[in-house]
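Counting convention: from 1, in listed order, for ligands and their atoms alike. All of these numbers come straight from a predicted model, not from anything done at the bench.
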Amino acid sequence: MRVETTTGELAAVEADLHVLPQAEGDELPQALGEAAGAADVKHGFGKTTLLRPGGPERLLVVGLGKREELDDEKLRSAAAIATREAGRYDARSVAWSLADEALSAAAVIEGTILASYRFDRFRSRDEDDPAPVGVEVLTVALGDEADEAMSTAIRTAQVAAEAANRARELQNLPSNVLTPTALAERAEEIAAEHASVSVEVLGRSEIAAKKMGGLVAVSQGSAEDPRLIVLRYSGGGDGATLGLVGKAVTFDTGGISIKPSAGMQDMKMDMSGGAAVLEAVGAIAELGLGLDLIAVIPSTENMPSGTAIKPGDIITQYNGKTVEVNNTDAEGRLILADALAYCVELGAERVVDLATLTGAVLVALGSTYAALISNDDELAGEVAGAGERSGEIVWRLPLHAEYKKLTTGTVADLTNASDKRKAGTIYAGSFLEEFVDGKPWAHLDIAGTAWDIDREYAKRGPTGFGVRLLVDLASALAS
Ligand code: BES
Ligand code: MN
Ligand code: ZN
């Protein structure tokens with residue numbers, strides 16, 4: 001999507017659809033007072049009214065509800081609602097009136113781009129059923145010329161939202177298309193696009209040679225080759241190197257501890273953390289943010305087979321700790337354990353990981369908040385702040401010695417799952433903490449927020465959760 005800014009009258013902007021946001025109590029501009037339907041304009045949040053002020057052109061009034069309840073997240077939703085309406089009129093160009101400084105242009109851009117995402121590359125089309133055109137140009141008409149901060153915010157919003165849509169495409173791709181190999185190819189593409197990004201990809205034998213026992217164990221049941229993807233971004237600055245780790249299980253059957261078949265098709269999305277990290281690195285490089293990143297993405301299928309890991313098997317992780325694999329469906333923590341330890345060894349001074357790790361987080365927080373678990377208040381605060389600003393909100397859950405005790409193995413150092421079913425999300429976080437060598441670390445369990453969140457800009461299917469949060473975090477940490 002092309003995004004343009006302008007100043008001055010909305011009516012002067014050439015566009016298929018003009019959008020005028022109106023909070024309760026706002027008065028329509030004088031020139032619109034005469035338009036048919038102007039007296040019936042609805043101001044309630046998300047309500048829309050179409051006016052035809054000068055004949056053919058269309059002006060959509062979007063209600064924002066009570067001004068004191070308005071925030072960026074509501075504006076993202078309002079933009080998504082306007083984008084849907086634009087689709088009804090086949091509008092290719094949309095212009096928003098944002099002269100009101102209280103309304104964030106960045107939020108409108110995010111909502112418009114996110115709401116425009118479609119997954120239809122596998123659908124056959126013909127003349128009777130053409131692909132919808134969608135919004136190709138978005139113009140925001142500002143009250144004043146954008147200053148530097150505003151221009152940065154606008155560009156960041158566009159780059160991050162487009163990267164989120166690319167992550168959504170990866171999430172949507174089925175596991176026979178998006179294999180670990182294909183995901184690694186996407187990483188290579190990102191590195192090829194940016195001189196500041198380099199990539200290294202390890203295959204099955206190299207992963208085994210490095211003694212990454214978790215990734216070896218989870219991948220050994222699958223005919224698909226695993227990949228350990230490492231992306232480095234050199235943006236400079238004087239801050240600490242940030243490590244990013246993302247779980248990328250391209251299909252999670254559960255392995256020998258197999259999942260029920262109902263709904264199993266959704267487990268193609270178990271690579272959502274890895275997709276978010278990958279595309280966030282691309283966006284951060286595109287924006288040229290001033291910090292250094294080391295991203296590590298372990299990618300594999302989790303399959304049952306004659307070569308699969310079995311319940312009770314004992315493995316040795318990359319950092320030397322031993323784990324009883326009592327449940328092969330708790331595979332994410334095994335591959336993340338290696339990736340976290342490797343990321344720290346490569347030089348990450350603080351680490352954020354994203355993973356669709358537990359069904360328990362859906363029980364605890366639904367699809368509203370991702371769970372945040374951290375050993376460091378400062379990093380946790382930075383992550384929570386990025387969550388608030390981006391609308392990808394997180395809620396912190398505690399660590400405690402009693403939870404840690406649950407992860408102790410009976411015959412090995414650790415066990416990957418206990419039969420007690422207590423505090424499943426925290427259990428997984430406590431397990432991961434064993435692999436970060438005491439470095440500041442924040443874990444985001446995105447199993448509830450990566451898919452089917454029922455927001456206006458992402459109703460069903462993938463959300464790209466984490467891309468915008470990570471870009472915001474990197475912006476805040478950059479110097
Ligand atoms: N990939 C799943 C978690 C998940 C659940 C993601 C729902 C998205 C939606 C993960 O690998 C898993 O199977 N976790 C188990 C852990 C248990 C066996 C300790 C779970 O949550 O049931
Ligand atoms: Mn699993
Ligand atoms: Zn999984």
Next item on the list: Decide whether Asp376 and Trp441 meet the rule of one side-chain donor and one side-chain acceptor closer than 3.5 Å.
Entry: no

Next item on the list: Is it possible for you to check whether Lys74 lies under 6.0 Å from the centre of the six-membered ring of Phe45, through NZ or CZ, and within 45° of that ring's axis?
Entry: yes

Check: Is it the case that Thr253 and Asn302 place a side-chain donor and acceptor less than 3.5 Å from each other?
Finding: no

Note to self: Among all the protein's non-hydrogen atoms, which is closest to atom 14 (N) of ligand 1, and how far away is it?
What the structure shows: Leu357 O, 3.3 Å

Checklist line | ligand 1 contacted by Arg421 (non-hydrogen, < 4.0 Å) | finding: no

Notebook entry, point to check: Quick one: does Asp437's side chain have a donor or acceptor within less than 3.5 Å of a partner on Lys439's backbone?
Noted result: no

Next item on the list: Please report which non-hydrogen protein atom sits nearest to atom 16 (C) of ligand 1, along with the residue it belongs to and the distance in Å to one decimal place.
Entry: Arg333 NH2, 3.7 Å

Notebook entry, point to check: To which of Asn326, Thr358, Asp419, Asp329 does the heavy atom nearest atom 13 (O) of ligand 1 belong?
Noted result: Asp329

Checklist line | Which of the ligand 1 atoms, numbered from 1, are nearer than 4.0 Å to a heavy atom of Glu331 | finding: 11 (O)

Check: Taking atom types as modelled and ignoring hydrogens, do the side chains of Asn172 and Tyr117 form a donor-acceptor contact shorter than 3.5 angstrom?
Finding: yes

Checklist line | Shortest protein contact, atom 8 (C) of ligand 1 (heavy atom only) | finding: Met267 CE, 3.6 Å

Margin query: Tell me whether the Mn ion (ligand 2) has Asp270 as a neighbour, meaning an N, O or S atom of it below 2.8 Å.
Written below: no

Check: Looking at the Zn ion (ligand 3), which N/O/S atom of Asp270 is the nearest one?
Finding: OD2

Checklist line | Name of the Asp252 atom (N/O/S only) found closest to the Zn ion (ligand 3) | finding: OD2

Checklist line | Where the Mn ion (ligand 2) is the vertex, angle from Glu331 OE1 to Asp252 OD2 to 10° | finding: 100°

Check: Any N or O of Gly359 that comes nearer than 3.5 Å to an N or O of ligand 1?
Finding: yes

Next item on the list: Below 4.0 angstrom from a heavy atom of Thr356, which ligand 1 atoms are there? Numbered from 1 as shown, please.
Entry: 1 (N), 2 (C), 3 (C), 6 (C)

Note to self: Among the N/O/S atoms of Glu331, which is closest to the Zn ion (ligand 3)? Give the atom name.
What the structure shows: OE2

Notebook entry, point to check: If only atom types and distance count, is the side chain of Glu392 paired as donor or acceptor with the main-chain N or O of Gly466 below 3.5 Å?
Noted result: yes

Note to self: Can a side-chain donor-acceptor contact be found between Ser234 and Asp292 if the only test is distance below 3.5 angstrom?
What the structure shows: no

Checklist line | Enumerated ligand 1 atoms positioned under 4.0 Å from heavy atoms of Ala447 | finding: 6 (C), 8 (C)

Next item on the list: Determine the minimum heavy-atom distance between Ile453 and Gly448, stating which atoms define it.
Entry: CG2-O, 3.9 Å

Notebook entry, point to check: Any idea which atoms of ligand 1 are less than 4.0 Å away from a heavy-atom of Lys247?
Noted result: 1 (N), 10 (C), 11 (O)

Check: From the Zn ion (ligand 3) out to just under 2.8 Å, does an N/O/S atom of Lys247 turn up?
Finding: yes

Next item on the list: Give the residue, atom name and distance (to 0.1 Å) of the protein heavy atom nearest atom 2 (C) of ligand 1.
Entry: Asp252 OD2, 3.6 Å

Notebook entry, point to check: For Asn327, is at least one N or O under 3.5 Å away from an N or O on ligand 1?
Noted result: no

Checklist line | Non-hydrogen atoms of Ala348 and Ile294 that approach each other most closely | finding: N-CD1, 3.8 Å

Check: Would you say the side-chain atoms of Ser219 and Glu301 include a donor-acceptor pair closer than 3.5 Å?
Finding: no

Notebook entry, point to check: Just checking, any donor-acceptor pair under 3.5 angstrom between side chains of Asp225 and Thr181?
Noted result: no

